[in-house]
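This report concerns only the one structure given below.
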Amino acid sequence: MLLIEDLQVELAGKVILKHIDLEIKPGETHVLFGPNGSGKTSLLMTIMGYPQYKVTGGRIVFKGVDITHSPINERARLGIGMSYQRPPTIHGLKTRQMVQLCAGDKKVSDVEELAARVHFESFLDRDVNAGFSGGEIKRSELLQLLAQDPDLMLFDEPESGVDLENIALVGHTIATLLQKEIVSTSAKSRLQVLKERTKMGFIITHTGYILDYVDVDKGQVLYNGVLSCSTNPREILRCIGEIGYEECVRCTIDAN
Amino acid sequence: MYDRRELIEKAQKAVQKRAVIGPDVDLGEFDSTPVDHKYLSDEEMRSLPLAERQRLLMAGVDVTESERAGTYFQKDTAVVHCSTRQEGIEVIPIREALEKHDWIRDYYWKLVSVDADKYTAAAEMELHNGYVIRALPGSRSIYPIQACLYLDKHGLQQNVHNIIIAEEGSELHVITGCSTSPDLKKGIHVGISEFYIKKNAKLSFTMIHNWAEDMAVRPRSVARVEEGGLFLNNYICMKPVRTLQMYPTTHLVGENAVARMYSIIVGSPDSEYDVGGRIFLKKPGTRAEIVARTISNGGRIISRGHLIGETPDIKAHLECKGLILKGGLIYAVPELEGHVDGVEMSHEAAVGKIAQEEINYLMSRGLSEEEATSTIVRGFLSVDIPGLPPQLQAEIDKAIEMSEKDVM
Ligand SMILES: Nc1ncnc2c1ncn2[C@@H]1O[C@H](COP(=O)(O)OP(=O)(O)OP(=O)(O)O)[C@@H](O)[C@H]1O
Ligand SMILES: [Mg+2]
């Protein structure tokens with residue numbers, strides 16, 4: 001479980017997030033909406049542990065461990081992983097090697113096969129993110145998460161910039177990562193399936209396309225540094241489209 | 001026997017002549033008296049003490065000679081082993097070549113001037129030895145020839161002269177290592193190298209230096225590449241040295257000749273490196289590339305690169321990247337010189353530190369800060385060299401890997 005309580009964050013001396021409360025239970029996936037510059041990426045980066053995002057109040061607890069001030073790699077080891085909006089290029093490091101680094105001690109026995117799942121085989125011998133197009137970056141990030149297999153996955157706009165053909169691929173891959181593709185059969189009741197899901201997801205989206213592929217439990221809106229929550233993400237999306245973020249946050253959802 | 005009187009007279013006039021660049025070394029501090037060592041059979045070479053074998057291996061020299069087409073091994077001033085196992089490739093100590101082969105006159109001091117500076121002069125006046133490696137027309141070496149210039153005696157001045165000839169249509173690979181014995185602290189290596197790459201020939205020359213803290217090193221080398229020829233020149237130096245200065249020059253004299261120079265230098269504290277290269281593009285269709293990766297760990301590195309385009313339809317690129325890890329200095333000096341319309345020349349130079357963003361990215365994949373740093377440094381140092389046989393690429397990767405712990 002991820003638990004965030006009354007979190008306040010500063011970036012470059014400016015408060016960008018205040019009184020953030022959030023709870024993601026095992027097996028749950030939330031989506032996060034909010035206008036450009038509202039601090040969505042900042043929230044994810046704070047959860048991941050980027051030191052430039054200074055926590056000035058509140059706490060972050062993951063799997064019962066207070067990680068508010070833990071370094072990034074400790075969080076990664078506890079099972080937090082992220083798919084970035086704009087990851088850096090690492091010259092001289094092949095994507096193939098990166099996949100193995102992500103897997104850590106687990107080791108990927110067949111990198112090609114894993115890459116095939118996101119149609120990325122032909123990129124394995126290129127330097128990580130070097131000259132990758134917007135859509136290719138998303139697939140590269142997903143490939144790394146497939147190898148890393150974290151328990152809490154933070155996705156920063158995984159579908160933006162992805163073409164219509166690849167959007168289904170990206171959507172299904174995220175659903176698989178989040179164990180949303182486990183279906184109830186005659187042998188397995190729905191309840192059992194839900195119990196078996198342990199992976200947690202937090203997905204930033206502007207368009208909501210991801211909702212067509214991933215069964216999402218809650219929708220969150222970040223506006224003016226404050227997070228509001230609703231159980232119906234599609235309703236939020238429709239509302240934002242019709243009356244805008246501000247009205248939507250004010251009228252339809254309760255601040256949590 | 002080649003009468004070298006004229007050359008020696010010319011050299012004599014330059015004994016006091018300082019080099020154009022690099023700090024001046026007082027040759028009076030060193031002893032150039034020849035030091036004898038016993039010739040080693042294959043068997044004896046293989047049973048050298050482990051420590052010595054390891055030092056050789058770090059410089060790319062494998063005494064078991066597995067995957068090697070031949071060996072030239074010089075210790076101090078004496079040739080201790082010289083053999084070849086590949087047909088069409090000759091390996092001869094240069095003194096022997098000067099005594100027995102008339103053809104050597106067409107190559108000896110024909111590219112480097114004997115009176116360039118006091119180091120070239122010393123190499124002629126007190127020539128110890130060196131190798132001549134020659135690939136006969138059309139011959140192809142599958143495995144590289146290895147050459148090792150080893151310094152054992154403390155305080156020695158080692159003067160060597162090497163000549164490599166890739167005859168028409170041949171393919172030759174040479175890996176050469178310079179190293180010192182664990183007890184040697186001080187010495188100077190003066191090495192003259194002349195490379196002849198004839199029509200449609202291909203030469204790859206990979207040099208790995210493993211010096212000692214108080215060594216002075218003054219290589220002087222010039223290459224000449226004829227029509228359709230390819231010269232790959234790789235240089236790796238990741239160990240401390242007191243002062244190293246070299247400025248190898250390549251002349252592309254035939255149409256479509258290609259030269260690529262790659263260097264990887266890690267500058268240790270109290271070490272001073274003035275390195276780089278210069279390539280003249282003299283005929284249409286010639287291509288040149290100079291790529292340098294330097295890391296300073298507290299050392300001073302001057303990294304030069306100079307491309308000179310003299311005719312239209314040439315292409316040349318210079319890439320100079322430096323990383324300052326633990327202080328020190330990196331001074332990148334890229335120079336482009338286009339003399340006519342229609343040259344295409346570019347350069348890219350950057351000196352900086354490791355981006356924290358990259359470290360964080362890798363840490364978010366589970367790596368510790370140290371692992372992330374070393375992964376990025378390894379990436380920085382890894383350059384793909386087109387046309388280099390995979391086995392030699394592996395040698396370079398190995399040399400980098402073995403020195404990595406010193407870098408971090
Ligand atoms: N280094 C920085 N210095 C100052 N302000 C910054 C810095 N980096 C980001 N910001 C600001 O912080 C705010 C939050 O940015 P963030 O990237 O979290 O927004 P976002 O909600 O992810 O936006 P988008 O939807 O466009 O991706 C923005 O106003 C941004 O300009
Ligand atoms: Mg963002």
Side-chain angles (χ1 to χ4, degrees), chain A residues 44-53 70-107 125-130 137 140-141 143-154 156, chain B residues 234 236 238 262-266 291-295 319-323 325 348-386 388 390 393-394 396-397 399-401 404 407-408:
Chain A
L44 260 53
M45 297 290 255
T46 307
I47 298 171
M48 194 70 243
Y50 276 69
Q52 63 265 43
Y53 298 92
S70 306
I72 301 174
N73 59 317
E74 265 175 41
R75 299 180 201 218
R77 267 186 226 133
L78 263 183
I80 303 180
M82 178 154 173
S83 159
Y84 291 82
Q85 190 176 15
R86 273 189 299 269
T89 297
I90 308 213
H91 292 285
L93 181 65
K94 302 277 175 250
T95 302
R96 178 188 303 283
Q97 298 168 299
M98 183 64 162
V99 171
Q100 289 295 4
L101 289 177
C102 289
D105 298 335
K106 298 190 292 283
K107 285 271 172 296
D125 290 314
R126 277 174 62 177
D127 291 357
V128 179
N129 299 327
I137 282 182
S140 158
E141 291 291 298
L143 171 59
Q144 293 174 45
L145 284 186
L146 282 167
Q148 196 180 351
D149 192 28
D151 296 325
L152 167 63
M153 283 163 257
L154 311 165
D156 199 344
Chain B
N234 309 311
I236 294 119
M238 302 183 65
Y262 295 83
S263 38
I264 294 169
I265 291 145
V266 175
V291 176
R293 295 274 191 279
T294 54
I295 290 184
E319 187 186 300
C320 236
K321 286 191 184 162
L323 205 54
L325 284 188
E348 206 185 323
V351 175
K353 58 176 177 131
I354 297 182
Q356 188 62 40
E357 197 197 0
E358 294 175 26
I359 296 179
N360 290 342
Y361 184 51
L362 291 176
M363 284 175 75
S364 76
R365 301 295 188 225
L367 275 67
S368 70
E369 189 167 356
E370 272 153 44
E371 289 164 341
T373 308
S374 65
T375 301
I376 294 163
V377 169
R378 202 174 309 141
F380 175 81
L381 293 177
S382 90
V383 280
D384 286 330
I385 302 170
L388 192 70
Q393 180 74 53
I396 293 179
D397 295 344
I400 292 173
E401 207 176 299
E404 229 163 49
V407 178
M408 301 310 160

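By convention in this document, chain letters (A, B, ...) are assigned in the order of the sequence lines, proteins followed by strands, and residues within each chain are numbered from 1.
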Please assess Asn73(A) against Leu367(B) for the test side chain to side chain contact (heavy atoms under 4.5 Å, CB included), listing each intermediate value before the final yes or no.
CA-CA 6 Å; Asn73(A) 59 317; Leu367(B) 275 67; over 6 Å; no
Once side chain to side chain contact (heavy atoms under 4.5 Å, CB included) is applied, do any residues pair with Glu357(B), and if so which ones, sequence neighbours excluded?
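Checked Glu357(B) against side chain to side chain contact (heavy atoms under 4.5 Å, CB included); matches are Pro88(A).
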Listed partners of Thr294(B) passing side chain to side chain contact (heavy atoms under 4.5 Å, CB included), at least two apart:
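Ile265(B), Ile301(B), Ser303(B), Ile330(B).
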By a 4.5 Å heavy-atom criterion (distance strictly below it), what part of Phe380(B) contacts chain A: side chain, backbone, both, or neither?
backbone
Report yes or no: does Arg365(B) contribute a side-chain atom to a donor-acceptor pair with the main-chain N or O of Gly104(A) at less than 3.5 Å?
no
How long is the gap from [atom1] on [X] to [atom2] on [Y], to the nearest 0.5 Å?
X: Met98(A); Y: Thr375(B); atom1: CE; atom2: OG1; value: 9.0 Å
X: Gln356(B); Y: Gln52(A); atom1: CD; atom2: CD; value: 8.5 Å
X: Met48(A); Y: Ser364(B); atom1: CE; atom2: OG; value: 5.0 Å

Pairs of heavy atoms under 4.5 Å with chain B: top-ranked of Ile90(A), Val128(A), Leu93(A)
Ile90(A)
Show every salt bridge (Lys or Arg N to Asp or Glu O under 4.0 Å) that has at least one partner inside residues 78-98 of chain A, sequence neighbours left out.
Lys94(A)-Asp127(A), Lys94(A)-Asp384(B), Arg96(A)-Glu112(A), Arg96(A)-Asp125(A)
Which heavy-atom pair separates Gly92(A) from Ser382(B) by the least distance, and what is that distance?
O-OG, 3.4 Å
Most heavy-atom pairs under 4.5 Å with chain A, out of Val383(B), Ile376(B), Leu362(B), belong to Leu362(B)
Can you check whether Glu74(A) reaches Ser368(B) side chain to side chain, under 4.5 Å on heavy atoms?
no
Within residues 143-154 of chain A, residues adjacent to chain B where the heavy-atom gap is under 4.5 Å
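Only Gln144(A), Leu145(A), Gln148(A) of residues 143-154 of chain A have a heavy atom under 4.5 Å from chain B.
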Go through the atoms of Gln97(A) and report whether side chain, backbone, both or neither lie under 4.5 Å from a heavy atom of chain B.
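For Gln97(A), there is no contact with chain B at all, as no heavy atom is under 4.5 Å.
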